[in-house]
Amino acid sequence: MQLHRRLHALGTALPLFASATLAQLAPWQVAYIQTWSPSGRPGSNPDYYIHVNITNPDPTQAVTEPGIAQGQVYCDITWLYPNTPYNQISACEIVNTTVPSPWAWTIELLEADDADPYPTTNFDLRWRAASNPGASTEANAEIWTGVGKFEVADNLQGTCAASGFCVWYLKPESTPFAVNVTSVQCQGTVEEALHDINCS
């Protein structure tokens with residue numbers, strides 16, 4: 001199985017579409033997702049993980065002007081059983097680019113709101129994105145956020161091996177998977193907003 005290599009390069013994005021209303025914002029496009037649950041056999045890697053890519057690091061792309069910024073948003077959630085990291089927020093990276101990016105992203109694993117949630121086969125992901133977090137000292141910040149629901153037999157497919165490990169990924173007909181975007185106003189810095197601190 002080939003995994004996406006994590007790159008520590010930064011990227012670039014197009015200018016913010018300040019005039020775009022929420023109705024004009026284009027959905028984010030999830031181009032790749034892979035989840036893994038280990039076999040549990042002695043000596044095997046015990047990690048569970050979710051790897052996911054979004055195609056455009058500019059979260060404010062407009063439907064009428066959908067310019068594509070260089071690079072992709074790559075997010076990785078890794079954990080050990082039984083410590084499923086629901087509601088924990090971690091930073092994503094801008095990869096496959098050679099120039100600095102004005103955007104920062106975070107991801108949060110959410111428990112599916114139904115009768116059979118599971119962190120690799122039936123789960124939600126929430127992304128948050130904002131501009132220039134390192135330079136922000138303002139008392140108010142705006143972020144862009146969206147939630148995607150992922151479930152085997154809906155938009156995920158995969159297999160479980162005889163040895164016990166399971167791997168799941170987006171169905172071809174669900175690739176890319178669209179995530180609707182909303183804007184949220186927060187009190188505090190952009191870095192705080194990216195971690196859902198003092199946001200309405």
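Residues take their numbers from the sequence shown, with the count starting at 1.
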*Give the other cluster members for V147, using side-chain heavy-atom distances under 4.5 Å between Ile, Leu, Val, Met, Phe, Trp and Tyr residues; answer none if it is isolated.*
L110
*Taking the side chain as every heavy atom from C-beta outward, state whether W105 and I94 have any atom pair closer than 4.5 Å.*
yes
_Under the rule for side chain to side chain contact (heavy atoms under 4.5 Å, CB included), what residues qualify as partners of T106, not counting sequence neighbours?_
I89, R128, L194, H195
_Minimum heavy-atom distance V181-P59, with the two atoms named_ = CG1-O, 4.2 Å
*Using side chain to side chain donor-acceptor pair (under 3.5 Å) as the criterion, list what pairs up with S90, not counting sequence neighbours.*
none
_Contact check, side chains of I50 and I107, non-hydrogen atoms, under 4.5 Å_ = no
_Residue pairs fulfilling disulfide bond (SG atoms under 2.5 Å apart) with at least one residue in residues 30-62, sequence neighbours excluded_ = none
*Sequence-distant partners of A31, side chain to side chain contact (heavy atoms under 4.5 Å, CB included), two or more places apart*: T55
Ignoring hydrogens and angles, write down the donor-acceptor pairs under 3.5 Å from the side chains of residues 153-163, residues two or more places apart or on other chains.
| from | atom 1 | to | atom 2 | distance (Å) |
| --- | --- | --- | --- | --- |
| N155 | OD1 | E151 | N | 2.9 |
| N155 | ND2 | K149 | O | 2.9 |

_Who clusters with I197? Use side-chain heavy atoms, under 4.5 angstrom, across I, L, V, M, F, W and Y, and order the result by chain and number._
none
*Closest contact, heavy atoms only, G148 versus W127*: N-CZ3, 4.1 Å
_Tell me the closest heavy-atom pair linking W28 and Q61, and the distance in Å._
CD1-NE2, 4.2 Å
*Any side-chain heavy atom of Y48 within less than 4.5 Å of one from P38?*
yes
*Using the test side chain to side chain donor-acceptor pair (under 3.5 Å), find all partners of T78 that sit at least two apart in sequence or belong to another chain.*
D76
*Measure from the side-chain N and O atoms of S174 to the backbone N and O of F177, and report whether any donor-acceptor pair falls under 3.5 Å.*
no
*Just wondering, do F165 and S37 contact through their side chains at under 4.5 Å, heavy atoms?*
no
*asked:* Does any part of the side chain of L25, heavy atoms only, come nearer than 4.5 Å to the side chain of W144, both counted from C-beta?
replied: yes
*Search all heavy atoms of D47 against all heavy atoms of N45 and return the closest pair with its distance.*
N-OD1, 2.9 Å
*Taking ring pair (Phe, Tyr, Trp, His ring centres under 6.0 Å) as the test, write out the residues that go with Y169, two or more places apart.*
none
*Got a sec, which residues hit side chain to side chain contact (heavy atoms under 4.5 Å, CB included) with P119, two or more places apart in sequence or on another chain?*
W79, T84, Y86, L109
_P46: partners by side chain to side chain contact (heavy atoms under 4.5 Å, CB included), with sequence neighbours left out_ = L80
*Which residue, S131, C186, S183, forms the side chain to side chain contact (heavy atoms under 4.5 Å, CB included) with E142?*
S183
*Residues which pass side chain to side chain donor-acceptor pair (under 3.5 Å) with S44, listed by chain and number, not counting sequence neighbours*: S39
_Quick one, R126 and T145 - any side-chain contact, counting heavy atoms below 4.5 Å?_
yes
*Can you name the nearest heavy-atom pair linking D196 to C199, along with the distance?*
OD1-CB, 3.7 Å
*When rounded to the nearest 0.5 angstrom, what is the spacing between CG in D113 and CG in D124?*
8.0 Å
_Could you report the tightest heavy-atom contact between T120 and T35, atom names first, then the distance?_
O-OG1, 2.8 Å
_Same cluster or not: V179 versus W103, using hydrophobic residues (I, L, V, M, F, W, Y) connected whenever any side-chain heavy atoms lie under 4.5 Å apart?_
yes
_Please determine whether side chain to side chain contact (heavy atoms under 4.5 Å, CB included) holds for the pair V167 and Q34, giving the CA-CA distance in whole Å, both sets of side-chain angles, and the decisive distance to 0.1 Å._
CA-CA 7 Å; V167 60; Q34 184 182 79; 3.7 Å; yes
*Classify the ring geometry between W36 and Y49 as parallel (under 30°), tilted (30 to 60°) or perpendicular (over 60°).*
parallel
